[in-house]
Amino acid sequence: MESDDECELDSTWEDEYEHKTPRKKVLHRRSCRNMNAAKEMQDFRHSCRVGLFTFKQGRGRFYNLDFYNGRIKSSHDDVYIDEFHQQWWGEYEKLEIVLTYIHWLFPLQEKGRNLRAHELTKKEIKCFHKDKQAKSKLVKSYKLMLDFYGICLVDESTGDVERAPNWKDRFRNLNRYSHNNLRITRILKCLGTLGLKHYQAPLVKFFLHETLVVGHLQSLKQSVLDYFMFAVLDKSERRELVRFAFKHFKPQEQFVWGPKKILSDEVHSKMSNLLFYDLATAQEESLIRYPRDGVVLFAVKQLVKCKPKVWLQRRCC
C-alpha cells in the first residue's frame with residue numbers, strides 16, 4: 001500500500017494536466033490503493049500500446065486463434081469453442097467450480113494458473129484483430145460470462161450492459177466468491193488486447209454504479225477501483241470513470257485513485273456553474289413576475305439557501 005495522491009504508475013491524467021504545478025506527496029494520509037495492482041495494470045496498458053505490433057517473425061503456433069476457429073480443443077476441459085458456447089451456457093455451478101476454461105476463453109499475454117493454456121503472442125494478437133469470425137466468437141464468450149454474472153449485453157456496437165432478469169441470484173454469487181474478481185479483470189484485459197476495447201468502459205461503469213451508487217456488489221468494490229477501472233485502455237474513458245468514481249465515493253477525502261485536487265476543482269467548478277445558472281434564471285424570472293426590489297434576493301434564498309448577498313455580489317461583478 002502507498003499513500004500517494006498521484007500514483008506514479010497511473011498515466012490517466014498526464015496529457016490533460018501535463019503543465020500543472022508539482023505537488024508534494026501526502027505521506028500522512030491513510031490510503032487504501034493497492035500499488036501492486038497499479039503496477040500490474042500499468043504493465044498491461046503498456047503491453048497494449050501501438051508498438052506491440054512490432055514483432056520478430058516466427059513460426060510459433062497460434063493456439064488461441066486455433067481454438068477460436070474451432071481447430072483445437074481446450075485443455076483440461078477438452079471442448080471446442082462452439083461446444084462450449086452451446087453446452088456451458090447457463091451451467092452456473094459448473095462455470096463457478098471449474099477453473100481452467102477462463103484462460104482459453106479470454107487469453108492474455110501473461111501466464112495463468114492453467115498451465116495447459118497458452119499465452120498470446122504479438123503476431124497472434126495482430127491476426128486475431130483481423131479475424132472477424134474469431135472476434136465474433138469472443139463476443140459470444142463475453143455474453144456467456146455476463147449471463148453468469150447476472151448481466152446482459154444490450155448493444156454490441158456500444159458495449160452497453162444492464163442487469164439480467166436473474167441479477168439478484170447472480171449478484172449473491174458474485175459477492176460470495178471473490179475469485180470472480182480475477183476472472184472479470186482477465187475478461188477486461190482480453191477485450192482490450194484483442195480489439196474489443198469499446199466493451200471495457202461500459203462494463204466498468206456498470207460495476208462502479210452497482211458498488212458505489214446502489215451498493216449491491218460491495219465485495220467487488222476494491223477490485224473495481226484497483227483493477228477494473230485501470231484495465232480500460234482509452235484514456236479519456238478512463239478519466240470519466242475515475243471522475244464518476246470520485247463523485248460517488250464516500251468519504252471523498254479518502255479517494256486515492258486519482259488526483260483529488262484536480263477532481264475536487266472539477267466538481268466545485270461544475271457546482272458553481274450550476275448555481276450561477278440557477279441564480280441568473282431566478283433573477284430573470286423574478287424580475288419579470290415581481291418587478292419590485294428585494295424579490296430577486298428572496299428567490300435566490302429559496303434556490304441556493306446559502307448567503308444570498310454573497311452570491312448576488314459575485315453574480316454582479
Side-chain angles (χ1 to χ4, degrees), residues 12 41 81 84-96 101-102 105-106 132 134-250 257-258:
T12 302
M41 303 317 293
I81 185 62
F84 187 91
H85 291 155
Q86 294 166 9
Q87 299 171 12
W88 289 54
W89 184 284
E91 296 293 329
Y92 298 145
E93 185 175 354
K94 192 173 184 180
L95 290 169
E96 182 60 59
Y101 66 87
I102 198 73
L105 290 190
F106 302 98
K132 292 182 178 180
K135 289 173 69 175
S136 176
K137 291 185 178 182
L138 178 58
V139 173
K140 287 185 179 180
S141 297
Y142 179 52
K143 289 180 178 179
L144 184 147
M145 293 305 296
L146 286 180
D147 175 73
F148 173 59
Y149 296 133
I151 308 169
C152 59
L153 182 63
V154 178
D155 190 330
E156 289 192 19
S157 62
T158 64
D160 290 341
V161 296
E162 66 181 16
R163 294 176 190 164
N166 61 342
W167 68 272
K168 289 184 179 180
D169 177 62
R170 303 316 307 154
F171 278 22
R172 280 194 292 269
N173 188 78
L174 264 178
N175 278 316
R176 183 177 180 182
Y177 297 108
S178 62
H179 69 97
N180 283 297
N181 300 354
L182 298 174
R183 289 174 168 179
I184 295 170
T185 301
R186 168 175 280 270
I187 290 169
L188 287 165
K189 286 181 177 180
C190 179
L191 293 173
T193 302
L194 295 180
L196 297 172
K197 67 178 184 178
H198 66 287
Y199 288 132
Q200 290 182 305
L203 182 61
V204 177
K205 180 74 172 289
F206 175 87
F207 281 121
L208 284 171
H209 182 269
E210 294 296 334
T211 53
L212 300 181
V213 181
V214 295
H216 289 146
L217 292 172
Q218 285 301 305
S219 295
L220 277 71
K221 180 178 177 180
Q222 197 70 32
S223 291
V224 174
L225 294 167
D226 282 335
Y227 290 94
F228 299 3
M229 223 169 27
F230 296 98
V232 176
L233 296 180
D234 187 291
K235 186 175 289 189
S236 63
E237 291 182 337
R238 200 161 69 244
R239 287 172 181 158
E240 289 306 311
L241 292 169
V242 174
R243 291 184 178 109
F244 181 87
F246 177 74
K247 178 181 178 182
H248 296 284
F249 187 88
K250 306 297 180 188
W257 293 272

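For reference, positions follow the sequence shown, starting with 1. No hydrogens, no waters, no symmetry mates; every other heavy atom, side chains included, goes into these values. Fair warning: this is a prediction, and the values are worked out from it, not measured in the lab.
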Self-check item: side-chain contact (heavy atoms from CB on, under 4.5 Å) against S178, all qualifying residues, sequence neighbours excluded
Solution: N181
Exercise. Search all heavy atoms of C190 against all heavy atoms of L138 and return the closest pair with its distance.
Key: SG-CD1, 4.2 Å
Quiz item: Are more than 12 heavy atoms from other residues, nucleotides or ligands located less than 6.0 Å from atom NZ of K140?
Solution: no
Exercise. Taking Y149 for its side chain and N173 for its backbone only, find out whether a donor-acceptor pair lies under 3.5 Å.
Key: no
Quiz item: Taking atom CG of L144 and atom NZ of K137, what is their separation to the nearest 0.5 Å?
Solution: 14.5 Å
Exercise. For the pair R238 and V204, evaluate side chain to side chain contact (heavy atoms under 4.5 Å, CB included) and give the outcome as yes or no after the intermediate values.
Key: CA-CA 9 Å; R238 200 161 69 244; V204 177; over 6 Å; no
Practice problem: Report yes or no: does Q200 contribute a side-chain atom to a donor-acceptor pair with the main-chain N or O of L191 at less than 3.5 Å? | Solution: no
Quiz item: Between R163 and H216, does a side chain to side chain contact (heavy atoms under 4.5 Å, CB included) hold up when you go through it step by step?
Solution: CA-CA 11 Å; R163 294 176 190 164; H216 289 146; 3.2 Å; yes
Quiz prompt | Atom pair CG/CG of L208 and L203 - distance to nearest 0.5 Å | solution = 10.0 Å
Quiz item: Are any side-chain N or O atoms of Y101 and backbone N or O atoms of L95, one a donor and one an acceptor, separated by less than 3.5 Å?
Solution: yes
Practice problem: Please name the pair of heavy atoms, one in A231 and one in L188, separated by the smallest distance, quoted to 0.1 Å. | Solution: CB-CB, 3.9 Å
Self-check item: OG-CG distance between S223 and L217, expressed to the nearest 0.5 angstrom
Solution: 11.5 Å
Quiz item: Hey, what do you get for NZ (K205) to NE2 (H209), rounding to the nearest 0.5 Å?
Solution: 9.0 Å
Quiz prompt | Exercise: identify the closest heavy-atom pair between N166 and G150 | solution = OD1-CA, 4.0 Å
Quiz prompt | Residue pair T185, K189: steps toward the side chain to side chain contact (heavy atoms under 4.5 Å, CB included) verdict | solution = CA-CA 6 Å; T185 301; K189 286 181 177 180; 4.0 Å; yes
Exercise. Start with the C-alpha gap between I184 and L174, add the side-chain angles, then the distance that decides, and say whether side chain to side chain contact (heavy atoms under 4.5 Å, CB included) holds.
Key: CA-CA 11 Å; I184 295 170; L174 264 178; 4.1 Å; yes
Quiz item: Does W89 reach the side chain of K143, with side-chain heavy atoms less than 4.5 Å apart?
Solution: yes
Quiz item: Nearest heavy-atom pair of M145 and I187: which atoms, and what distance?
Solution: CB-CD1, 4.0 Å
Self-check item: S219 side-chain N/O to N175 backbone N/O, donor-acceptor pair under 3.5 Å
Solution: yes
Practice problem: For the residue pair H248 and F244, categorise the inter-ring angle as parallel (less than 30°), tilted (30 to 60°) or perpendicular (more than 60°). | Solution: tilted
Quiz prompt | Closest non-hydrogen atom pair, T158 against P202 | solution = O-CG, 3.5 Å
Self-check item: Euclidean distance, Q87 CD relative to H85 NE2, rounded to 0.5 Å
Solution: 11.5 Å
Quiz item: How are the rings of F148 and Y92 set to each other: parallel, tilted or perpendicular (split at 30° and 60°)?
Solution: tilted
Exercise. Using only heavy-atom distances, determine whether the side chains of E96 and H179 contain a donor-acceptor pair under 3.5 Å.
Key: yes
Quiz item: Does the side chain of D160 come within less than 4.5 Å of F206's, by heavy atoms?
Solution: no
Self-check item: Atom pair NZ (K135) and CG (L196), whose distance is rounded to the nearest 0.5 Å
Solution: 5.5 Å
Quiz item: Is there side-chain contact between E210 and V224, with at least one heavy-atom pair below 4.5 Å?
Solution: no
Quiz item: Are any of the side-chain heavy atoms of L241 and F228 separated by less than 4.5 Å?
Solution: no
Exercise. Locate the shortest heavy-atom distance separating A245 from M229; write the atom from each residue and the value.
Key: CB-SD, 3.9 Å
